[in-house]
Amino acid sequence: EAGVAQSPRYKIIEKRQSVAFWCNPISGHATLYWYQQILGQGPKLLIQFQNNGVVDDSQLPKDRFSAERLKGVDSTLKIQPAKLEDSAVYLCASSLVGGGLAGDDNEQFFGPGTRLTVL
Amino acid sequence: GQQVMQIPQYQHVQEGEDFTTYCNSSTTLSNIQWYKQRPGGHPVFLIQLVKSGEVKKQKRLTFQFGEAKKNSSLHITATQTTDVGTYFCAGLRSSNYQLIWGAGTKLIIKP
């Protein structure tokens, strides 16, 4: 079974520039997550999609970050304009289901991440 | 800010010693998941605990979920070099089903 795919793996940009990340979840997984992981910290959930609807985007800085999952499959996360503090690894994860269900299908499968450096 | 506290931040052990990390939530959790992240890697799911007081074992790893569903622990018996990494808990809040991650505990094996 193919895992979660992300691209690019690395990106270096200057502050105030724009950047976009792409994620293709595991086939059949309804829930897709975007996380920001700053070095030495735990993942911080930015946005969670259930199919193509947003479940939780309470921690997404909406003035500069946007995300979409138009057909309920792959997703893009955009930052415009980038700031120095956006330097982090952006992780995409997917799960078969999600939300409040207590079953094993909540397991999240992570992609390799995109390491963003903002200069 | 995050509302799942995880301690300690780091733990240095000799190979063969035990390791424990603790997670405490200010609110009741619907369930809690544990993940392991190797240096330079991404988080990998270890286990999910759902029931109050639940205890699960995976070989040398023992996971517990507190009676009040507000805390959890991971204990590794007789650590090996392959155990090196950062262990994260992630709790699903009962109130709004938001998944909150702890800051992780980094397991370091002393040379």
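Side chains included, hydrogens not; waters and symmetry mates left out as well; all remaining heavy atoms used. Lettering of chains follows the sequences in order, A, B, ..., and the numbering in each one begins at 1.
Leu32(A) and Val55(A) are not part of a single hydrophobic cluster, where members link through side-chain heavy atoms under 4.5 Å apart. Note on Ile47(B): it clusters hydrophobically with Leu61(B), by side-chain heavy-atom contacts below 4.5 Å among ILVMFWY residues.
Of all heavy-atom pairs spanning Pro43(A) and Phe88(B), the tightest one is CD-CE2, 3.9 Å.
Taken from CD in Gln48(B) to CD in Glu107(A), the straight-line distance is 9.0 Å, to the nearest 0.5 Å. Between Leu99(B) atom CG and Asp56(A) atom CG the span is 9.5 Å, to the nearest 0.5 Å.
Applying the ring pair (Phe, Tyr, Trp, His ring centres under 6.0 Å) test to pairs two or more places apart or on separate chains, those with a residue in residues 72-94 of chain A are Phe21(A)-Tyr90(A). Residue pairs that meet the ring pair (Phe, Tyr, Trp, His ring centres under 6.0 Å) test with at least one member in residues 35-79 of chain A, sequence neighbours left out, are Tyr35(A)-Phe110(A), Tyr35(A)-Trp101(B).
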Can Val89(A) and His42(B) be said to form a side chain to side chain contact (heavy atoms under 4.5 Å, CB included), step by step?
CA-CA 10 Å; Val89(A) 174; His42(B) 55 271; over 6 Å; no

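Here Gln37(B) is the residue among Gln37(B), Gln9(B), Lys106(B) with the most heavy-atom pairs under 4.5 Å with chain A.
The local environment of CD in Glu17(B) is crowded, with over 12 non-hydrogen atoms from other residues, nucleotides or ligands closer than 6.0 Å.
Using a 4.5 Å cut-off between heavy atoms, Gln6(B) does not touch chain A at all.
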